[in-house]
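All remarks here apply to the structure that follows.
Worth knowing before you read on, the calculation uses all heavy atoms, side chains too, and leaves out hydrogens, waters and symmetry mates. Residue numbers start at 1 and run along the sequence shown.
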Amino acid sequence: MRIEPRPLPERLPDLGDLPPLLTRLYAARGVQSAAELDKGLARLLPYGRLKGIEGAVELLVEALRERRRILFVGDFDADGATASTVGVLGLRLLGAAHVDYLVPNRFEYGYGLTPEIVAVALARQPELLVTVDNGISSLDGVAAARAAGLRVLVTDHHLPGHELPAADAIVNPNQPGCEFPSKAMAGVGVIFYVLLALRARLRELGWFAGRTEPNLAELLDLVALGSVADVVPLDANNRILVHQGLARIRAGRARPGLRALLEVAGRDHRRITSTDLGFILGPRLNAAGRLDDMSLGIECLLCEDEGLAREMAVQLDQLNQDRKAIEQGMQREALAQLKELPVEALPFGLCLFEPDWHQGVIGILASRLKERYHRPAIAFADAGDGLLKGSARSVPGFHIRDALDAVAARQPGLISKFGGHAMAAGLSLPQANFAAFAAAFDAEVRRQLSADDLTGRLLSDGQLGVEEFHLDLARALRQAGPWGQHFPEPLFHGIFQVVRQRLVGERHLKLVVRSECGALQLDAIAFNVDREQWPNPGVCWVELAFRLDVNEYRGQESVQLVVVHIEAR
């Protein structure tokens, strides 16, 4: 692992009256003006630039006027769950008479609006189907729905294929010809924008005469959760959505189900950060879709009853514990496959399969392998009927969805279907094709990346002076976010002397370290550290890459280093 300085522009922008360190941090993340730091809702990009938004609004206005039955079809991850919830709650706030949701069970129907899930949907007798976080690749499913006499609105954010579905309307910032400046919205952000446009149109029509116009900002806690959990880039527009959602949660105005999830996880809603959305709430919500049925997660988010919401949050927490146990077993098996190979003999693109691996957990496994070996990774599970399902995760500089497209173009028939975006994708293929696909995928990675590209790199924002290790700076960094994908939380590095170290919580390394000059002693913690990465007991000096954080214990706050890399010196 190499620690490298995060690049800075030649000239720092004028960001107003900010401390020099914050100016450097923002400049290194591409901020060019003080306006980009304004996280007020008035700074949101206008919905009118979304291609298809007018057609989508007309479909929904007609459905509301005619009291038609509307059915949302979502995905089975946190983005799909929050998008389904936002869609249902939003339309109810806007006066929809009949609105419901359906989320495919990943083990029975797979991803997206398939003809099979359309057949299930027809039993609900909908008149308008609205997809959220899926649908842009559902050519056959949309065709089946239209053939059955349904109107179809596709809202999605994934990259489209060569052909678009024949829906009545499509809203997707990544569809051809869409001039919406932000291509990074999650599925929940897209449906939130559709609701904003719908409310504006209803206002023009006098729909709210004699009644209170709904405040759609009430849904921003869910928009923030889905956006961060789906690891979409936090560009300026997404940072506004996430910041506003976090503000609602901290103020105690989140949905009962979201508050219950925080309570079960032992998190104080007043101190929640974007990291908590991604690593605390997201996994608990995702656990329903990974191991069981995402309907449990959606019902928890929809629930208005505090007690019932907490019961469902407890169930989700238990599912997440089960997921962790399954994941750890799969990790051991994956590492056993690879441990005999020296790093230089590893494939550039990792493809692994075990017959008993869990379909719902292979995405997490692929992420762990990618992080450990610093190369694109795909984990496969048996999907039955001679098929494998794979979940792919990538590294910066390698567009995983386009890579699968290139493999499919070079060897037609090798992959049954695929979809996704730059950093994550899903695919299926015949089990008989696994070896050939693994070789083709490795060849494609080698075509695009060099061995140097596969060396793990950490981009550091530099070293901190002794005088900078204080609570005010740690608090300021926490407030300066939200941090996330493509807008990473500040990371620093330095040489420290190890004073003490001990194991806490089975896999976490608790350290007391002293600054290189000896003037300062600090607490530090490294989460989920493999034993071979621990410094030997006799090691006195280490190089740490760390985040500066606030630790609260028994009502007292102190500075803590959250260590992401540790290496003996």
Side-chain angles (χ1 to χ4, degrees), residues 39-54 56-57 59-60 64 70 72-75 77-96 99 101 130-136 153-158 169-174 178 180-203 213-230 232-249 253-255 258 274 277 285 298 301-302 482 484:
K39 296 185 282 281
L41 287 172
R43 292 284 303 173
L44 279 176
L45 293 168
Y47 54 75
R49 298 183 68 179
L50 279 164
K51 181 180 179 181
I53 194 74
E54 292 181 3
V57 166
L59 276 176
L60 290 168
L64 266 61
I70 304 168
F72 283 92
V73 179
D75 189 13
D77 65 0
D79 186 16
T82 53
S84 297
T85 308
V86 164
V88 170
L89 291 175
L91 286 189
R92 287 176 181 170
L93 286 171
L94 292 169
V99 57
Y101 73 90
V130 183
T131 71
V132 285
D133 193 31
N134 76 97
I136 198 66
L153 166 58
V154 167
T155 75
D156 201 352
H157 71 121
H158 293 97
I170 298 174
V171 181
N172 181 340
N174 289 300
C178 184
F180 192 74
S182 172
K183 307 299 182 184
M185 273 200 302
V188 67
V190 175
I191 189 60
F192 180 71
Y193 258 74
V194 170
L195 292 172
L196 292 177
L198 174 59
R199 183 181 61 179
R201 180 67 177 137
L202 291 172
R203 185 187 302 135
E213 182 175 306
N215 178 15
L216 295 180
E218 294 176 7
L219 305 172
L220 283 168
D221 55 340
L222 300 172
V223 176
L225 172 55
S227 298
V228 174
D230 210 46
V232 295
L234 291 192
D235 61 10
N237 206 59
N238 279 339
R239 289 202 304 278
I240 294 171
L241 294 172
V242 173
H243 170 82
Q244 293 290 333
L246 284 170
R248 291 194 66 82
I249 298 170
R253 292 184 289 167
R255 298 284 307 164
L258 199 155
S274 54
L277 296 181
L285 190 57
I298 297 172
L301 296 179
L302 286 171

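Here the side chains of Arg248 and Glu218 are in contact, with some heavy-atom distance below 4.5 Å. Between Arg255 and Leu301 the shortest side-chain heavy-atom distance does not fall below 4.5 Å. Counting only heavy atoms from C-beta outward, the side chains of Leu219 and Leu195 approach each other to under 4.5 Å. His243 places none of its side-chain heavy atoms less than 4.5 Å from the side chain of Leu246. The shortest side-chain heavy-atom distance between Arg199 and Leu94 falls under the 4.5 Å cut-off. Using a 4.5 Å cut-off on side-chain heavy atoms (C-beta onward), Leu241 and Val188 make no contact. The side-chain heavy atoms of Leu225 and Ile249, taken from C-beta on, include no pair separated by under 4.5 Å. Within the 4.5 Å cutoff, side-chain heavy atoms of Leu91 are placed close to those of Leu198.
Taken to the nearest 0.5 Å, the CD atom of Gln244 stands 9.5 Å off from the NZ atom of Lys39. In this structure, CG on Leu44 lies 10.0 Å from OG on Ser182, to the nearest 0.5 angstrom. Here the OG atom belonging to Ser274 is positioned 11.0 Å from the CZ atom belonging to Arg239, to the nearest 0.5 angstrom. A distance of 8.5 Å separates OH in Tyr47 from CD1 in Ile53, rounded to the nearest 0.5 Å. Remark: Leu277 CG to Asp221 CG distance equals 9.5 Å, nearest 0.5 Å.
Shortest non-hydrogen contact noted between Ala169 and Ala56 is CB-N, 3.7 Å. Between Cys178 and Lys51, the shortest heavy-atom contact is SG-N, 3.4 Å. For Gly245 against Ala224, the heavy-atom pair with the smallest separation is CA-CB, 3.8 Å. Leu234 approaches Pro482 most closely through the heavy-atom pair CD1-O, 3.9 Å. Between Pro173 and Val190 the shortest heavy-atom distance is CD-CG2, 3.8 Å.
Proximity of a side-chain donor or acceptor of Asn215 to a complementary backbone N or O of Ala217 within less than 3.5 Å is detected. Of the possible donor and acceptor atoms, one in the side chain of Asn238 sits under 3.5 Å from a partner among the backbone N and O of Pro233. Asn134 places a side-chain N or O within donor-acceptor distance of the main-chain N or O of Val132, the cut-off being under 3.5 Å.
Evaluated for a side-chain contact (heavy atoms from CB on, under 4.5 Å) with Thr131, the options Ile136, Asp75, Val154 yield exactly one hit, Val154. Here the options are Ile191, Val171, Asn172, the test is side-chain contact (heavy atoms from CB on, under 4.5 Å), and the partner is Asp156; only Asn172 passes.
Arg201 meets the salt bridge (Lys or Arg N to Asp or Glu O under 4.0 Å) test with Glu58, Glu204; sequence neighbours excluded. In terms of the ring pair (Phe, Tyr, Trp, His ring centres under 6.0 Å) criterion, residue partners of Phe180 (sequence neighbours excluded) are, by chain and number, Tyr193.
Neither side chain, Asn174 nor His158, offers a donor N or O lying under 3.5 Å from an acceptor on the other.
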Residues 82-90, side-chain donor-acceptor partners within the protein, below 3.5 Å, at least two apart:
{"residue": "Thr82", "atom": "OG1", "partner": "Ala78", "partner atom": "O", "Å": "2.8"}
{"residue": "Thr82", "atom": "OG1", "partner": "Asp79", "partner atom": "O", "Å": "3.0"}
{"residue": "Ser84", "atom": "OG", "partner": "Gly80", "partner atom": "O", "Å": "2.9"}
{"residue": "Thr85", "atom": "OG1", "partner": "Ala81", "partner atom": "O", "Å": "2.8"}

